[in-house]
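Shown next, in structure tokens, is the structure this report addresses.
Protein chains get the first letters and strands the later ones, always in sequence-line order, with residue 1 at the start of each. As the structure is a prediction and not an experimental result, all values here were calculated from the model.
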There are 2 protein chains.
Amino acid sequence: MPTDENPGTQLQQDELLAALRALSNPHRLAILQWLRDPVKNFEEQKVDATRYGVCVSSIRKRCEVSQSTASQFMATLADADLVQTTRIGQWTYFARNEAAIDRFRSSVATSL
Amino acid sequence: MPTDENPGTQLQQDELLAALRALSNPHRLAILQWLRDPVKNFEEQKVDATRYGVCVSSIRKRCEVSQSTASQFMATLADADLVQTTRIGQWTYFARNEAAIDRFRSSVATSL
DNA sequence: CCTCAAAATCGTTATATCGCAATTTACCGA
DNA sequence: TCGGTAAATTGCGATATAACGATTTTGAGG
């Protein structure tokens, strides 16, 4: 049974559902895919995108949506634990949470 | 992109999205999971559930939703190609489309 | 302190989804 | 050809999601 101390390999049903819901939007799905290669898929930024991911402004430009919409997209992905957040100064960087994504994959593979 | 060497192991982006959307509802997600063992998870019916799946009435009872809602759920899953449909007389049986589900798994594993 | 910039949150409108009851369609058996 | 039953479709109200502009919050740097 996955807990904070025990990062299990299986998601709970409600966690699985949350991930599926987060990915059921074309923008959010694309963002998570783009984040596989942030340097290639997003514009230059000060901070190492490979390490910390990309900021809301980069996502906003790539998606061609408003700042509030981009922020909301990332909040949804973060709520589903599919991305992790790093705040540096006035910027918030979002990177893929590969461990959580692997748990999602595992759940899709075995409990679907 | 399905080709001769690679016969449909990957979904197009819109197919992947359709599957994610179909599974982003708790009832539809549960139905697909229940269909892994239709004999155990649904009530008795005339036709071999292992072979043909289960009919709308069985799904309706298991989900405790109306007939029209159950029918709509299955239409959504069928549109996303996650289940296949067999009409026998006045009954429509729904079974998992394991090949399509495997393609979905593969897409989640590699393109997510 | 003040100002600027980035991001989060709020408030709103438009659209989509959910789930139902009612109806229609499809198919069976008498 | 008529009922009866299963499922699909239609139409609807309630709720949820999408996306935006405006505002507030957060932090950097004078």
May I ask you to verify whether the side chain of [X] and the base of [N] hold a donor-acceptor pair under 3.5 Å?
| X | N | answer |
| --- | --- | --- |
| A:Gln90 | D:dT26 | no |
| A:Ser68 | D:dG21 | yes |
| A:Gln67 | C:dA8 | yes |

Using atom [atom1] of [X] as one end and atom [atom2] of [N] as the other, report the distance to the nearest whole Å.
| X | N | atom1 | atom2 | value |
| --- | --- | --- | --- | --- |
| A:Lys46 | C:dA6 | NZ | C1' | 13 Å |
| B:Met74 | D:dA8 | CE | P | 9 Å |
| A:Arg87 | D:dA28 | CZ | P | 9 Å |
| B:Tyr52 | D:dA7 | OH | P | 16 Å |
| A:Phe94 | C:dA6 | CZ | C1' | 11 Å |
| B:Gln72 | C:dT23 | CD | C1' | 15 Å |
| B:Trp91 | C:dC27 | CH2 | C1' | 9 Å |
| B:Gln45 | D:dA6 | CD | P | 12 Å |

For this session: Starting from the C-alpha separation in whole Å, work towards a yes-or-no answer on side chain to side chain contact (heavy atoms under 4.5 Å, CB included) for A:Leu29 and B:Leu112.
Result: CA-CA 8 Å; A:Leu29 175 59; B:Leu112 199 70; 3.5 Å; yes
Exercise. Among side-chain atoms of A:Ser71 and A:Ser68, is any donor-acceptor pair under 3.5 angstrom?
Worked result: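 No pair is found: no donor N or O on one side chain lies under 3.5 Å from an acceptor on the other.
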Exercise. Are a donor atom and an acceptor atom from the side chains of B:Gln10 and B:Ser106 found within less than 3.5 Å of each other?
Worked result: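 Their side chains do contain a donor-acceptor pair, which is all the 3.5 Å distance test asks for.
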Exercise. Within the pair B:Ser66 and C:dC20, is there a side-chain N or O less than 4.0 Å away from OP1 or OP2?
Worked result: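 Checking C:dC20 against B:Ser66, a side-chain N or O does come within under 4.0 Å of OP1 or OP2.
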Exercise. Does B:Ser71 put a side-chain nitrogen or oxygen below 4.0 Å from OP1 or OP2 of D:dA6?
Worked result: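 For D:dA6, neither OP1 nor OP2 has a side-chain N or O of B:Ser71 closer than 4.0 Å.
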For this session: May I ask you to decide if the ring planes of B:Phe42 and B:Trp34 are parallel, tilted or perpendicular, using 30° and 60° as cut-offs?
Result: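 Because their plane-to-plane angle is over 60°, the rings of B:Phe42 and B:Trp34 count as perpendicular.
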Could you tell me whether [X] contacts a base, only the sugar-phosphate backbone, or nothing, with contacts defined as non-hydrogen atoms closer than 4.0 Å?
| X | result |
| --- | --- |
| A:Thr92 | sugar-phosphate |
| B:Tyr93 | nothing |
| A:Ser57 | sugar-phosphate |
| B:Arg60 | nothing |

Problem set entry | Point-to-point distance, once rounded to the nearest 0.5 Å, from CD of B:Gln84 to CG of B:Asn97 |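 Nearest 0.5 Å value for the CD-CG distance: 5.0 Å.
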For this session: On DNA chain D, check which nucleotide each of A:His27 and B:Val56 is closest to and give me the residue with the more 5' one.
Result: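 With A:His27 and B:Val56 compared, the 5'-side residue is B:Val56.
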